[in-house]
Amino acid sequence: RREETPFVNREVEMARLTAALERAESHELGAILILADAGVGKSRLVREALAGASGNTRVLRIQFSPVRLPGYRSPSVELFAQLVGGGMEEARALLGDDAERHAQGLAGLAALADPEAGEKATQPDVDPAAARQNRWLAVTALLRAVDRLSPVVLSIENVHWADEAAREFLAFVLSPDAQLHVGALLTARTTDLTWLPETVERMPIGPLEQDAAESMLGALVEDLPPE
C-alpha cells in the first residue's frame, strides 16, 4: 500500500509554489501562505513542492501546535538550533566580523537552545525587550549568512496556532525590514492573519474537485489487498 494518497489536481498551486522556490534559489524574498480548512491538503502541498527544490536548498522547519509540547522552542530559537545546532562557535564562524556585534543575541539564543551550555555564555541583556530584539537580529544575521552559501526556505506550518510572541517574530522576519532573501512556505487555516506582512502572498485552496477525488479514490482501491 502506498504511504500517501496520489497527488492530483494541484497543478496551478504547485506552479505558484515552484515559482516561489525558484525565487528563493535566486536569493529573492518570497513568501506564500497556503490557506485552507483542516484536511484539505496544505501540508501535502508543501511537501510535494519542497521535494522539487534544488539539492543545495536549505529547508528550515517550524511547526506550531495548539498545545505547548515539552521541548518547545520559540521560532527564533528553533531556527538558531537548526542553523548551527545550538553551537556558539559555528554561529560565530558564520557571522565572521559581525559576530561581535551580535554577541549578546547569540548568547541569548544559545542559552535558550541549550540551557546547560548557555550558562557558560556571556551575561544576557538585563532588559527583556532588548534581549528579544538582540536575539531576533542575531538569527536574521545568521539567516543572511547561510543564504549567502546556499538558498534558504522556511517551512512554517499551522501559523494560525502561533502565539503572540511568535506572531511578532514572524511578522518581522517575513517583512522587507529584516532584509532577508529567503523563501517561505506557510500553512494556516482560514482565520484572521492580518498580522502577517502584506508582502506575504495569500493562496487559498479548496477541496479537490469530484473527478480528482474519484481518481485518488480509485488509486487507493487498486492498492487494497484481495479478500
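Given the structure is predicted, the values throughout are model-derived calculations rather than measurements.
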Less than 4.5 Å apart, any side-chain heavy atom of Leu149 and any of Leu94?
-> yes
Run the side-chain contact (heavy atoms from CB on, under 4.5 Å) check on Glu201 and Arg16 step by step: do they pass?
-> CA-CA 10 Å; Glu201 181 182 348; Arg16 291 176 67 177; 2.5 Å; yes
Would a 4.5 Å heavy-atom cut-off, applied to side chains only, mark His102 and Asp98 as touching?
-> yes
Shortest non-hydrogen contact between Leu35 and Arg202, atoms and distance = CD1-CG, 3.8 Å
Search all heavy atoms of Ser150 against all heavy atoms of Asn56 and return the closest pair with its distance.
-> CB-O, 3.2 Å
If you measure from CH2 on Trp161 to CD on Gln63, what distance do you get to the nearest 0.5 Å?
-> 9.0 Å
Heavy-atom check, side chain of Pro151 versus side chain of Arg58, under 4.5 Å = no
Hey, is the main chain of Val67 close enough, under 3.5 Å, to the side chain of Ser65 for a donor-acceptor pair?
-> yes
Evaluate the side-chain proximity of Val152 to Leu60: yes if any heavy-atom separation is below 4.5 Å, no if none is.
-> yes
Mark yes or no for whether Lys42, through its side chain, and Asp37, through its backbone, hold a donor-acceptor pair below 3.5 Å.
-> yes
Rounded to the nearest 0.5 Å, what's the gap from CG on Leu143 to NE2 on His181? Could you check?
-> 12.5 Å
Leu112 side chain reached by Arg73 side chain, heavy atoms, under 4.5 Å = no
Without swapping roles, check the side chain of Arg92 against the backbone of Asp97 for a donor-acceptor pair under 3.5 Å.
-> no
For the atom pair OG (Ser43) and CG (Asn158), what is the distance rounded to the nearest 0.5 Å?
-> 6.0 Å
Nearest heavy-atom pair of Met88 and Leu106: which atoms, and what distance?
-> SD-O, 3.4 Å
What one should report as the nearest heavy-atom pair of Leu186 and Ala31 is CD1-CB, 4.2 Å
CD-OG1 distance between Glu13 and Thr18, expressed to the nearest 0.5 angstrom | 11.0 Å
Do the side chain of Arg135 and the main chain of Leu109 share a donor and acceptor less than 3.5 angstrom apart?
-> no
Tyr72 vs Val77 side-chain heavy atoms within contact, under 4.5 Å | no
Nearest atoms (heavy-atom pairs only) where Ala24 meets Gly183 | CB-N, 3.6 Å
Separation between CG (Leu185) and CZ (Arg47), nearest 0.5 Å, reads 13.0 Å
Exactly one candidate in Thr57, Leu17, Val153 meets side chain to side chain contact (heavy atoms under 4.5 Å, CB included) with Leu50; the answer is Val153
Sidechain N-carboxylate O distance under 4.0 Å for Glu168, Arg132 = yes
Go through the steps for Glu78 and Arg61 under the test salt bridge (charged side-chain N to carboxylate O under 4.0 Å, His left out), then give the verdict.
-> CA-CA 8 Å; Glu78 183 60 37; Arg61 304 178 189 275; over 6 Å; no
Give the C-alpha distance, both sets of side-chain angles, the deciding distance and a yes or no for side-chain contact (heavy atoms from CB on, under 4.5 Å) between Asp147 and Leu180.
-> CA-CA 9 Å; Asp147 182 61; Leu180 291 177; over 6 Å; no
Kindly indicate, with the supporting measurements, whether the criterion side-chain contact (heavy atoms from CB on, under 4.5 Å) is fulfilled by Leu196 and Leu193.
-> CA-CA 6 Å; Leu196 281 169; Leu193 296 168; 4.2 Å; yes
For side-chain contact (heavy atoms from CB on, under 4.5 Å), just list the numbers for Leu29 and Leu174, CA-CA rounded to whole Å, side-chain angles, deciding distance to a tenth of an Å, and then say yes or no.
-> CA-CA 8 Å; Leu29 174 64; Leu174 295 173; 5.5 Å; no
Donor-acceptor contact present, side-chain Thr140 to main-chain Trp136, <3.5 Å | yes
Joint hydrophobic cluster, Leu69 plus Ile62, side-chain heavy atoms closer than 4.5 Å | no
Side-chain contact, heavy-atom cut-off 4.5 Å: Phe64 with Thr187?
-> no
Student check: side-chain heavy atoms of Met203 and Leu45 closer than 4.5 Å | yes
N/O donor-acceptor pair under 3.5 Å between His160 side chain and Arg189 backbone = yes
Mind listing the closest non-hydrogen atom pair of Phe80 and Val139 along with its distance?
-> N-CG2, 3.9 Å
